[in-house]
Amino acid sequence: MAERYDPGAVESKWRERWEDTELNRVDIDGAEHPFYNLMMYPYPSAEGLHVGNVYAFTGADIHGRFKQLNGNDVFEPIGFDAFGIHSENFALEQGVHPMELIPRNIANFTRQLKRMGFMYDWYRVVDVTQPEYYKWTQWIFLQLYKAKLAERRKAPVNWCPSCKTVLANEQVIDGRCERCSTEVTQRYLDQWFFKITDYAQRLLDNLEWIDWSESTKRLQRNWIGRSEGADLDFKIVGHPEYTIRVFTTRPDTLFGATFMVLAPEHPFVDAITVKKQRATVEKYVKTALALDLVERRKAGEERQKTGVDTGAVAINPATGEEIPIWVADYVLMEYGWGAIMAVPAHDERDFEFAQQYELPIRVVVIPADQYEGFDPSAELEAAFTEHTEDEVLVNSGVFDGVPAAKAIKEITAWLEKENRGNFTVNYRIHDWCISRQRYWGPPIPVIHCEKCGTVPVPEEDLPVLLPFVENFKPDESGVGPLARSEEFLHVECPKCGGAAQRETDVSDTFLDSAWYFMRYPSTDLQDRPFDSERTKKWLPVDTYIGGEEHAVLHLMYSRFITMALHDLGHLPFEEPYKQFRKHGLIVREGAKMSKSRGNVVIPDEYVEKYGADTLRTYLMFLGPYEEGGDFRDQGITGISRFFDRVWDAVVNGELADGEPETDEINHKLHATIKKVTGDISTLQYNTAIAAMMEYLNVIRAGGRTLRRAEVQPLVAMVAPFAPHLAEELWERLGQSESIFSGHSWPEYDPQLAMADEVDIAVQVNGRFRATVKAARGAGQDEVREKALAEEAVQRHLDDKEIKKTIFVPDRLINLLVG
RNA sequence: GCUCGGAUGGCGGAAUUGGCAGACGCGCAGGAUUCAGGAUCCUGUGGGAGCAAUCCCGUGGGGGUUCGAAUCCCCCUCCGAGCACCA
C-alpha cells in the first residue's frame, strides 16, 4: 500500500522540529556569510493575515531560503507596524483600546505566520509600539531636530475630517484620505516637518545606481518632480521696494509674458493692490482661501478659472512693457514662488485665463518652417507645444529666429548678466509633515515652555511614554487626545525648570517604518538604537521585497532617514537597500479582492485543506512574481498533484543508486537545475515551478525505477517553495542534517545542461517545413544536407535552384528559392 | 491631460529576447480502474479542410522593416497603474 502525502502531519512535524532546534535563529555576531533578506513588515489587522501578505512574504521567503541553500547565513526577520491610524481606527470601530487590541492581533498574526513556514528569526521581532523601540524613534526625531532637519511651522495641511488628523501629501490619494477615502480638507496648524526637500537632489541622483525595480524608481522620480528653469524678477511700477520673483521652465517665452498672476496667499497682494480694486481683491482672496485644498486643486474643465485684477502693473524685463498683475487661485503658493509670468500663447492654463478675462495673447514661438516670411503683426493661434529644435522665436527682439531650446539657455544667460534672474531647479516634493493629532503613536519628544520656547526632551529622558488614555477618540479641535492626560501634559521645562507643556501630537507611523530594518539586528540591545558593528556586518539590506504602493511613502522616507543618519555620522552608508524588488498584486478570478465584493481569499482555509507548502507554491505559480497573478480556486489542485507525485517518487518504491539512468535524463536534470537556479535568482518563480514539473514528468515517464541521483536534486529545488515537504523527503533520503543547514542546492554542469543533439528548424522561403536532428554545433553544410534529405523539404523546393541559405547554428536553416 | 505598463487557446500563463507560437498548469473530451461518486492512471485538446499523409489560417486592429515578427518601427482601439492647475 503506497504511503500518501499528508501535508498536515508533515508540516506540524517540521514546524516543531525547526522550533526545537532553533534552525532559523541567526548567530548575529558570528555569522560568516551574512545575507539580510527583508520583507515589508505588516500592520497586524484584526482580520488576520491576508492572502496578499502571504503572497508578498512567500516570494521573499523563497528568495531567502534559496540564498540559505546556497550557503549564506540568511537573516530574515519580521515585525509589526502596529502603531498608526489604521490600527487605531479599527480599535475605535471595535470599541477596544489599542493597548489591548494590538497585542491580541500580534499574537494571532504570529500564529498564522508560523503556520506558513517562513524562515523568520523569531528571536528578533520588532514591535514598534513597545517603548524599547519607540524610544529610538523619538531619538531619531531629536537627531534630526539637532541637525535642523525637523522644523515646526504653521502651514496649510491636509486634514482628514473622518480620521480627524493631518495627513502627509503622500497619504492623500485623489484628494482623499488613503485610509478611509474621505475627502481631505485644508487647515492651518502648527506642524512638525522633516526637511526631505533638502535631500531632493540626492534622493534623485542615487536612483541612478541603486539596484531597484525600474518602475519603482520611476515613481520616485516623478514624485520628486525635478524641473529646470529660471527664477526671474519683475519690477512693480510705483513699488520700488518689491520685486516679484517667478519660476518658469520656459524662459524662452519671456517676450510673450503679457500679464502676471499671484497666488491668493502671496505676501505682496495686499501691498500692491490699488485702492479701487482693494475690496474686490480682498473678497476674492477670502473666498479662495476658504475653499479647501481639494476644491482648489480641481483642474481645468472641472472648475472654471477665476481671478481678479489688482490694478498694479509690472514691467516685462524683456520688452519693457507694462503688464497687469492679477490674483488667481490656479497659481499655487506651494510651488515655485507662488507667482507666475503668464504666457497665454504657450501655456494652456494661462491661455484659458486670458480668454476668460480678455487679456492679450502674444505668440513668440513658431515652427521653424514658418519663420521665413513671418509677419510679426499677424494674429496667430496659440500653440502649446513642447520647445523643440524645430521651433524658433519670433516677436522676441534680438532673439528672433533662435531655436527655442537654445533660446532657453541664451535668455537665462542674458537675465543672469542683467542681474534679473538666474538658472534654477524646482522640485515638486514637499517637506514631510510628521505631526499627527492622534493617540496611537510615539509622542513627539518636545516640550513647550513659555519662557524657553520649544525645548527638545533630553535624550536621557527618553522614552516619552505613551500614557494610557481611556478616551482616545480624536476630535475636531486639531489638538491630539494626549492633551486630555493632565499627568502627561504638564511637565517641568528641562531648561529653566518652570511649568511647561508637552507636545501632544504623535509622529507619523511612517517614521516608525523608516528605520525598523536597522533595529532588527540589535533588538537585544537597550542602550542604543543599533550597534555599529552589527550594522556594518548586516546592513545595508541585501534584498528587500515588497509592494510598490509604498514607492513614494515608506521607501522614500526610509531613504531620507538613512541619508540623514548617515550625514549625522550614525550610519556608514546612505542607501538602505542594495536591491529592491517590487512584487505584483494578486487578484481573484480577474477582480480585485475586497471585503465588499466578498471575494477575499482567506489563507487559513487553503492551508487547512492543502497545506502551507501547496498554498505557497500555488501562489508563486499564478504568474510572474513581479507582476502578480490571478487566484483561481481550482488551480491549486495542480500543485497538490505535483507534490503528490514528488512524494510518491521519493517515498514509494526502491530508489536505485548510481548516475541518472540515461544521458538524456542526465541532460534534462542539469538543464532543469540551470533553469530553476536562474529563474529563482530573478524571481521568475512561475517558470521555475513549471521547469520542475516538466522534469518530474520526464523522469516518471514509462514507470521505470527512479534513481536517487535523479530525485534528490529535485527535492532540494523544491525546498524554497515547499520547505516542510522538502525536509521530510530529505530525511527520508537518508540525510541526517536539515536541508537548510548546509549547502544543499544542486550544482549543474554547463556542458551537460546543453543537449548534444538539437532539433533544427528547416524553412523554405521563410515557411517551416521540417525539423532535422543534428549534433550541437553542426555546420551549415551538414545541416543543409540533412534538410535536403527531408521529403517535405524536397516537395517545397520543387526542383528550383537554391539562391540563398540562411543558417543559424543549432537553431534554423532557411532555404530561399526563386 | 502627462508618464508608464499591458492585450497570446475555454482560463492562468510560456516563448532561449528576431528563429518550430501555445511550455507548465487548470478546465474539457475519450478510455482504464470503481457497485457508485471521488481519487488516480493513460490518450487527446488553438481554429478550419481532410479517412489520412498533409495543407491553410492564427498572438487586440491596420500598415511597415526583414529570408523570417507575439517580439522591432509607425498609426489606431481597449484595459490597468501612477501623477495631475507643478508654471
Side-chain angles (χ1 to χ4, degrees), chain A residues 2 4 173-175 214-216 218-219 221-223 225-227 229 246-250 253 257 261 296-303 305 328-332 334-343 346-350 352-353 384 426-430 548-549 551-552 585 587 589-590 592 618 621-624 627-639 641-642 644-645 648 675 678 684 686-697 703 759-771 791-792 795 803-808 810-817:
Chain A
R4 294 196 49 141
I173 313 290
D174 275 334
E214 264 319 306
S215 58
T216 312
R218 198 177 312 113
L219 288 170
R221 270 190 206 106
N222 291 346
W223 189 259
R226 179 191 155 101
S227 40
V246 303
F247 171 73
T248 178
T249 54
R250 296 288 307 269
T253 62
V261 186
R296 249 188 88 176
R297 280 178 186 161
K298 273 187 187 158
E301 296 112 55
E302 279 192 73
R303 196 168 78 85
K305 289 195 174 33
D329 67 1
Y330 80 91
V331 173
L332 308 172
E334 312 90 89
Y335 190 76
W337 299 98
I340 60 157
M341 66 173 205
V343 185
H346 304 289
D347 181 283
E348 278 189 74
R349 296 152 301 174
D350 297 345
E352 193 192 326
F353 193 76
F384 315 117
N426 245 286
Y427 301 92
R428 214 192 61 113
I429 191 173
H430 292 123
E548 202 169 36
E549 66 275 15
V552 295
L585 215 68
V587 298
E589 315 275 336
K592 241 184 199 165
Y618 176 56
F621 189 57
L622 293 177
E627 280 160 48
D630 191 356
F631 193 102
R632 312 230 158 204
D633 283 13
Q634 272 182 328
I636 197 168
T637 58
I639 301 295
R641 287 175 193 158
F642 171 55
D644 283 342
R645 288 191 279 253
D648 189 63
K675 168 87 177 147
Q684 286 163 300
N686 55 332
T687 48
I689 296 164
M692 291 189 278
M693 288 173 164
E694 211 179 314
Y695 173 68
L696 184 64
N697 289 344
D759 288 333
I760 294 175
V762 183
Q763 294 182 334
V764 177
N765 279 347
R767 301 192 61 116
F768 289 94
R769 295 304 174 189
T771 21
E791 189 269 327
R795 185 152 26 88
K803 294 210 168 125
K804 197 179 169 189
T805 303
I806 288 153
F807 177 67
V808 183
D810 297 337
R811 195 143 295 169
L812 160 141
I813 187 162
N814 187 5
L815 307 169
L816 303 176
V817 293

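Throughout, a chain's letter reflects where its sequence line sits, starting with A, and its residues are numbered from 1. All heavy atoms count here, side chains included; hydrogens, waters and symmetry mates do not. Quantities reported herein were computed from a predicted structural model and do not represent experimental measurements.
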Report which part of the nucleic acid [X] touches: base, sugar-phosphate, or nothing (heavy-atom distance under 4.0 Å, all strands).
{"X": "A/K592", "value": "sugar-phosphate"}
{"X": "A/R428", "value": "base"}
{"X": "A/S227", "value": "sugar-phosphate"}

Partner set under salt bridge (Lys or Arg N to Asp or Glu O under 4.0 Å) for A/R645, not counting sequence neighbours: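 Expected list: none.
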Should A/D347 and A/I340 count as side-chain neighbours, where that means a heavy-atom distance under 4.5 Å?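 No; the side chains remain at least 4.5 Å from each other.
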Sub-4.5 Å side-chain heavy-atom contact between A/R769 and A/V762: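 No, too far: nothing below the 4.5 Å cut-off.
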Please state how far atom [atom1] in [X] lies from atom [atom2] in [N], giving the value in whole angstrom units.
{"X": "A/E791", "N": "B/A52", "atom1": "CD", "atom2": "P", "result": "18 Å"}
{"X": "A/L585", "N": "B/C79", "atom1": "CG", "atom2": "C1'", "result": "15 Å"}
{"X": "A/L816", "N": "B/C67", "atom1": "CG", "atom2": "C1'", "result": "4 Å"}
{"X": "A/F631", "N": "B/G27", "atom1": "CZ", "atom2": "P", "result": "14 Å"}
{"X": "A/E214", "N": "B/U3", "atom1": "CD", "atom2": "C1'", "result": "14 Å"}
{"X": "A/L332", "N": "B/A84", "atom1": "CG", "atom2": "P", "result": "11 Å"}
{"X": "A/E352", "N": "B/G1", "atom1": "CD", "atom2": "P", "result": "15 Å"}
{"X": "A/Y330", "N": "B/A87", "atom1": "OH", "atom2": "P", "result": "13 Å"}

Between the protein and nucleotides 18-20 of chain B, are there any N/O to N/O pairs under 3.5 Å, and if so, what are the atom names and distances?
| from | atom 1 | to | atom 2 | distance (Å) |
| --- | --- | --- | --- | --- |
| B/G19 | N2 | A/Q763 | OE1 | 2.8 |

If I take atom [atom1] from residue [X] and atom [atom2] from residue [Y], how far apart are they, to the nearest 0.5 angstrom?
{"X": "A/M693", "Y": "A/T687", "atom1": "CE", "atom2": "OG1", "result": "12.0 Å"}
{"X": "A/I760", "Y": "A/I813", "atom1": "CD1", "atom2": "CD1", "result": "8.0 Å"}
{"X": "A/L815", "Y": "A/K804", "atom1": "CG", "atom2": "NZ", "result": "12.5 Å"}
{"X": "A/E694", "Y": "A/I689", "atom1": "CD", "atom2": "CD1", "result": "13.5 Å"}
{"X": "A/K592", "Y": "A/L585", "atom1": "NZ", "atom2": "CG", "result": "6.5 Å"}
{"X": "A/N426", "Y": "A/F247", "atom1": "CG", "atom2": "CZ", "result": "4.0 Å"}

Donor-acceptor pair, distance only, cut-off 3.5 Å: does the side chain of A/N765 make one with the backbone of A/V817? yes
Keeping A/D350 on the side-chain end and A/V343 on the backbone end, is there a donor-acceptor pair under 3.5 Å?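 The answer is yes, because a donor-acceptor pair under 3.5 Å joins these two groups.
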Filtered N/O pairs between nucleotides 53-57 of chain B and protein, under 3.5 Å:
| from | atom 1 | to | atom 2 | distance (Å) |
| --- | --- | --- | --- | --- |
| B/C57 | OP2 | A/R767 | NH2 | 2.8 |

So, using side-chain hydrogen bond (donor to acceptor under 3.5 Å, both in side chains) as the criterion, who are the partners of A/E791 when residues are at least two apart? A/R795
Looking at residues at least two apart in the chain, or sitting in another chain, which of them share a side-chain hydrogen bond (donor to acceptor under 3.5 Å, both in side chains) with A/T637?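 side-chain hydrogen bond (donor to acceptor under 3.5 Å, both in side chains) list for A/T637, sorted by chain: empty.
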Residues passing the side-chain contact (heavy atoms from CB on, under 4.5 Å) test with A/F768, sequence neighbours excluded, are A/A761, A/Q763, A/L812
side-chain contact (heavy atoms from CB on, under 4.5 Å) against A/N222, all qualifying residues, sequence neighbours excluded: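 side-chain contact (heavy atoms from CB on, under 4.5 Å) list for A/N222, sorted by chain: A/R218.
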When you compare the protein's N or O atoms with those of nucleotides 9-13 of chain B, which come within less than 3.5 Å of each other, and at what distance?
| from | atom 1 | to | atom 2 | distance (Å) |
| --- | --- | --- | --- | --- |
| B/C11 | O2' | A/R632 | NH1 | 3.4 |
| B/G12 | O2' | A/L622 | O | 2.9 |

Where the chi angle of B/U45 falls, syn if within 90° of 0 and anti if not: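 Judged by the O4'-C1' to base torsion, B/U45 sits in anti, the angle falling more than 90° away from 0.
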Is the glycosidic torsion of B/G25 within 90° of 0, making it syn, or is it anti?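 That one's anti.
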Looking only at non-hydrogen atoms, find the nearest pair between [X] and [Y] and report the distance.
{"X": "A/Y335", "Y": "A/Y427", "value": "CE1-O, 3.8 Å"}
{"X": "A/Y330", "Y": "A/V261", "value": "OH-CG2, 3.7 Å"}
{"X": "A/R250", "Y": "A/M341", "value": "O-CE, 3.8 Å"}
{"X": "A/P624", "Y": "A/N686", "value": "N-ND2, 3.4 Å"}
{"X": "A/L816", "Y": "A/G766", "value": "CD2-N, 4.3 Å"}

Whole-Å [atom1] distance, [N] and [M]:
{"N": "B/G1", "M": "B/C11", "atom1": "P", "result": "31 Å"}
{"N": "B/C67", "M": "B/C2", "atom1": "P", "result": "37 Å"}
{"N": "B/A69", "M": "B/G61", "atom1": "P", "result": "15 Å"}
{"N": "B/G22", "M": "B/A14", "atom1": "P", "result": "15 Å"}
{"N": "B/G18", "M": "B/G68", "atom1": "C1'", "result": "8 Å"}
{"N": "B/U16", "M": "B/C26", "atom1": "C1'", "result": "26 Å"}
{"N": "B/C4", "M": "B/C55", "atom1": "P", "result": "44 Å"}
{"N": "B/C56", "M": "B/C42", "atom1": "P", "result": "34 Å"}

By nearest-heavy-atom nucleotide on RNA chain B, the more 5' of A/Y427 and A/S215 is A/S215
So which one's nearest nucleotide on RNA chain B is more toward 5', A/I689 or A/G336?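 It is A/I689, whose closest nucleotide lies nearer the 5' terminus.
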Requiring both pairing distances under 3.5 angstrom, list the stems that contain RNA chain B and are made of three or more consecutive Watson-Crick or G-U pairs. B:1-7 with B:77-83, B:10-12 with B:24-26, B:27-32 with B:40-45, B:46-49 with B:54-57, B:60-64 with B:72-76
So which protein N/O to nucleotides 39-48 of chain B N/O distances come out below 3.5 Å?
| from | atom 1 | to | atom 2 | distance (Å) |
| --- | --- | --- | --- | --- |
| B/U40 | OP1 | A/R641 | NE | 3.3 |
| B/C41 | OP1 | A/R645 | NH1 | 3.2 |

With A/F631, which residues qualify under ring pair (Phe, Tyr, Trp, His ring centres under 6.0 Å), at least two apart? A/Y606, A/Y618
Distances for protein N or O near nucleotides 28-31 of chain B N or O, under 3.5 Å:
none

